[in-house]
Amino acid sequence: MAQRITIDPITRIEGHLRIDVDVDGGRVKKAWSSGQMWRGVELILLGRDPRDAWAITQRICGVCTTVHAIASVRAVENALQMEVPLNAQYIRNLIILAHAVHDHIVHFYHLSALDWVDVTSALKADPDATARLAESLSSWHGNGKFEMRAVKERLAGFVSGGQLGIFTNGYWGHPAMKLPPEVNLLAVAHYLQALDIQRRANKIVSILGSKTPHIQNVAVGGVSNAISTDSQSALGVERLMAIKGYIDELADFVKNVYLVDVAAVGAFYADWTKYGAGVTNYLAVPDIPLDTKGTQFALPGGYIENRSLDSFKPIKTFSDEFWVKGVAESAKHSWYEGSAALHPYKGETKPQYTDFKDDGKYSWLKSPTFYGKPAQVGPLARVLCMLAAGHEPTKKYATAALDTVSALAKTKVGLDAMHSTIGRHAARAVSCAVQVDMLADQWNLLVANIAKGDVKTYNKPTFPKGEITGQGYHEAPRGALSHWVVIEDGKIKNYQCVVPSTWNACPRNEKDEAGPYEASLVDNPVADPEKPLEVLRTVHSFDPCIACAIHLTDTENGSAITVQAK
């Protein structure tokens with residue numbers, strides 16, 4: 001007889017997510033993904049000036065703020081058919097890429113590594129043996145025996161003092177943990193080092209965006225950064241060189257630590273290449289525009305159906321009809337009025353709460369589809385689409401990662417293993433390596449363009465009378481993000497955000513088909529129903545951001561609901 005397990009809320013994510021699974025014979029038979037907050041931002045935007053939307057939509061989340069700013073201004077620019085100065089594109093691209101690198105580092109080490117790493121087991125490790133292992137894998141300067149000895153002593157202090165707060169919500173001693181003590185110690189060392197290195201990426205965002213989170217420099221038509229080579233109050237040589245230094249530090253860590261660690265974890269947990277595939281229709285949008293019109297991109301995107309790279313169909317421009325016509329959202333199993341799948345331009349946000357009903361409405365998330373089918377978005381979709389498009393940097397890092405896994409596992413691991421829980425982590429690391437190289441490329445392009453004497457960063461928008469529509473997409477860290485706006489006489493008439501965690505964490509759609517989280521959990525093993533670590537592994541591999549997928553509004557007293565996780 002099936003046993004129901006409810007995890008509410010899922011921790012080590014952004015926002016409130018509830019996962020229900022029916023387990024029978026040690027395997028998940030059915031799953032439900034439920035977003036537990038309501039997003040009312042679309043209603044807040046009605047009647048407002050479209051030029052203000054980017055600042056408001058950033059508040060959807062306290063972490064993924066830049067992504068909503070970028071998608072929002074692109075949506076309005078798309079409606080106005082505006083061009084954006086090259087310098088503005090490059091500056092936006094630097095912010096986008098720095099944010100993505102930060103997000104990926106934090107996700108692996110600080111949000112999901114504890115699903116695979118038994119921290120207290122590291123106390124049994126020989127730190128000198130750990131150092132030898134680490135130095136055999138990469139040239140990272142933080143892999144020496146003195147560093148490993150210091151980390152073990154520090155960890156012993158945490159444990160003896162009962163201060164394991166930074167490693168909370170980990171299932172120590174769980175039978176699904178497989179890493180030997182030396183690898184666990186290495187992971188703990190890199191966890192602590194990553195706390196420091198991730199700040200470099202945030203410094204890039206804050207230099208260009210004036211602050212982080214919630215950047216202040218974007219605008220419909222470009223950015224507000226003044227460029228001058230002889231003024232300390234503008235974006236000049238000193239700030240650009242500081243950014244270059246941070247890029248170099250990030251590249252060292254991503255290539256010599258992050259990429260290697262993910263490959264090592266993948267080798268020890270090779271059995272997890274058999275779990276978590278779920279929905280294998282993959283959707284990614286192109287990004288890092290290289291021209292003023294959004295017709296040329298450094299990173300390709302498109303759609304893959306049923307895991308076949310041969311089925312790849314590219315998305316080529318910001319106005320590509322293949323993309324624009326394919327997106328719809330259903331509320332059949334969501335706490336909103338209606339059930340029919342609606343295109344975002346006609347989307348509605350009318351709450352209708354019914355309590356949790358297994359076969360009825362059970363989530364505040366809607367259910368997006370692409371040409372009527374559920375789709376997985378995120379780093380795995382991004383990497384597979386870039387491979388299908390023949391993107392050479394992606395091919396280089398994906399090959400290197402799979403070769404490292406194969407060498408450590410002592411068996412050939414191919415691309416098909418990527419369709420899995422552990423494959424999503426590998427894809428995220430590959431994506432991060434591509435993006436950190438792209439950071440350097442965009443820095444070079446910006447500097448070269450300034451050297452030509454071009455300092456323009458903004459084109460002024462003009463709003464026509466009547467109704468216009470536009471959408472702005474962005475390949476955010478968690479996948480395809482899009483904002484859709486209807487503007488009438490210069491005011492917002494309708495606004496819909498279709499975000500990555502809505503695609504992945506959605507409830508069943510209009511046809512009762514499971515979304516990516518739900519489908520990926522089916523057939524996952526569960527060794528101990530009291531400690532459902534395996535469920536967390538697969539859910540965390542998507543890096544959920546439920547605050548982006550939904551947002552809380554209390555219309556009665558204006559206060560947020562406080563939830564204490566236990």
Side-chain angles (χ1 to χ4, degrees), residues 38-60 65 67-84 88 92 218-224 285 289 292-295 315 317-331 334 336-352 364 366 368-370 458-474 480-499 502 548-551 553 555:
W38 176 52
R39 185 178 71 207
V41 170
E42 289 93 341
L43 302 185
I44 294 171
L45 289 168
L46 297 180
R48 292 182 179 267
D49 191 317
R51 293 170 295 184
D52 295 338
W54 69 270
I56 297 170
T57 58
Q58 276 197 100
R59 272 66 189 177
I60 285 174
T65 59
V67 301
H68 291 291
I70 295 296
S72 182
V73 293
R74 285 178 175 174
V76 180
E77 289 160 358
N78 181 257
L80 297 174
Q81 299 182 4
M82 287 190 69
E83 291 192 36
V84 175
R92 289 181 184 180
V218 297
V220 174
V223 295
S224 61
V285 292
T292 62
K293 297 180 180 181
T295 61
I315 298 170
T317 71
F318 276 143
S319 299
D320 194 317
E321 287 193 357
F322 176 56
W323 159 259
V324 175
K325 292 182 177 180
V327 180
E329 284 189 303
S330 167
S334 310
Y336 299 98
E337 293 181 13
S339 62
L342 300 176
H343 189 277
Y345 287 147
K346 298 181 179 179
E348 298 176 345
T349 309
K350 299 176 181 178
Q352 184 184 57
W364 281 117
K366 297 178 184 178
T369 53
F370 195 62
Y458 177 71
N459 291 327
K460 185 178 180 180
T462 301
F463 290 86
K465 291 288 185 180
E467 183 177 293
I468 54 175
T469 60
Q471 57 77 35
Y473 61 62
H474 163 40
L481 164 68
S482 56
H483 286 208
W484 305 73
V485 63
V486 179
I487 303 170
E488 186 174 57
D489 297 334
K491 300 294 182 183
I492 295 174
K493 182 179 180 181
N494 196 7
Y495 203 102
Q496 295 292 320
C497 306
V498 185
V499 310
T502 310
C548 288
I550 45 185
H551 203 67
T553 298
T555 58

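Excluded from the calculations below are hydrogen atoms, water molecules and symmetry mates; all remaining heavy atoms, backbone and side chain alike, are included.
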Next item on the list: Take M82 and V220 through the side-chain contact (heavy atoms from CB on, under 4.5 Å) test and state the conclusion after the steps.
Entry: CA-CA 9 Å; M82 287 190 69; V220 174; 4.1 Å; yes

Check: Should I492 and V486 be marked as a side-chain contact (heavy atoms from CB on, under 4.5 Å) after you check the CA-CA gap, both sets of side-chain angles, and the distance that decides it?
Finding: CA-CA 6 Å; I492 295 174; V486 179; over 6 Å; no

Note to self: Let's go through V76 and W54 carefully: what are the C-alpha distance in whole Å and the side-chain angles of both, what is the deciding distance for side-chain contact (heavy atoms from CB on, under 4.5 Å) to 0.1 Å, and is it a yes or a no?
What the structure shows: CA-CA 9 Å; V76 180; W54 69 270; over 6 Å; no

Checklist line | Stepwise side-chain contact (heavy atoms from CB on, under 4.5 Å) test for I70 and V218 | finding: CA-CA 8 Å; I70 295 296; V218 297; 4.1 Å; yes

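Minimum interatomic distance between N78 and Q471 (heavy atoms only, all atoms of both residues): OD1-N, 3.1 Å. The heavy-atom pair separating G466 from D489 by the smallest distance is N-OD1, 2.7 Å. The heavy-atom pair separating F370 from W323 by the smallest distance is CE1-O, 3.9 Å. For the pair T462 and L80, the tightest heavy-atom approach, listed with the atom from each and the gap, is O-CD2, 3.5 Å. The two residues A53 and L45 make their nearest non-hydrogen contact at CA-CD2, 3.9 Å. Here the shortest heavy-atom pairing between A88 and G222 reads CB-CA, 3.7 Å.
Between H68 and the choices R59, Q58, H483, H474, the side chain to side chain donor-acceptor pair (under 3.5 Å) rule is met once, by H483.
Rounding to the nearest 0.5 Å gives a distance of 9.0 Å between OG1 of T502 and CG of L481. Within the model, atoms CG of L43 and CD of E348 stand 11.0 Å from one another, a figure rounded to the nearest 0.5 Å. Here the CZ atom belonging to F318 is positioned 4.0 Å from the CZ atom belonging to R74, to the nearest 0.5 angstrom.
Taking a cutoff of 4.0 Å between a charged side-chain nitrogen and a carboxylate oxygen, R51 and D49 qualify as a salt bridge. By the 4.0 Å N-to-carboxylate-O rule, E77 lies close enough to R92 to be salt-bridged with it.
Listed by chain and residue number, nothing satisfies the side-chain hydrogen bond (donor to acceptor under 3.5 Å, both in side chains) test with R48 (two or more places apart in sequence, or in another chain). With sequence neighbours left out, E467 forms a side-chain hydrogen bond (donor to acceptor under 3.5 Å, both in side chains) with K493.
Between V84 and T292, every side-chain heavy-atom pair lies at or beyond the 4.5 Å cut-off. With contacts defined as side-chain heavy-atom distances shorter than 4.5 Å, the pair S482/V285 does not qualify. In this structure, V324 and W484 have side chains that are in contact, with non-hydrogen atoms separated by less than 4.5 Å. By the 4.5 Å heavy-atom criterion applied to side chains, V498 and E329 are counted as neighbours.
In this structure, E337 places its CD atom where more than 12 heavy-atom neighbours from other residues, nucleotides or ligands lie under 6.0 Å away.
For K366 and Q496, the side-chain atoms include at least one donor-acceptor pair closer than 3.5 Å.
The distance between the ring centers of Y345 and Y495 does not fall below 6.0 angstrom. In this structure, Y336 has its ring center closer than 6.0 angstrom to the ring center of W364.
Using a distance-only test at 3.5 Å, with no hydrogens or angles considered, no donor-acceptor pair links the side chain of N494 to the main chain of V485.
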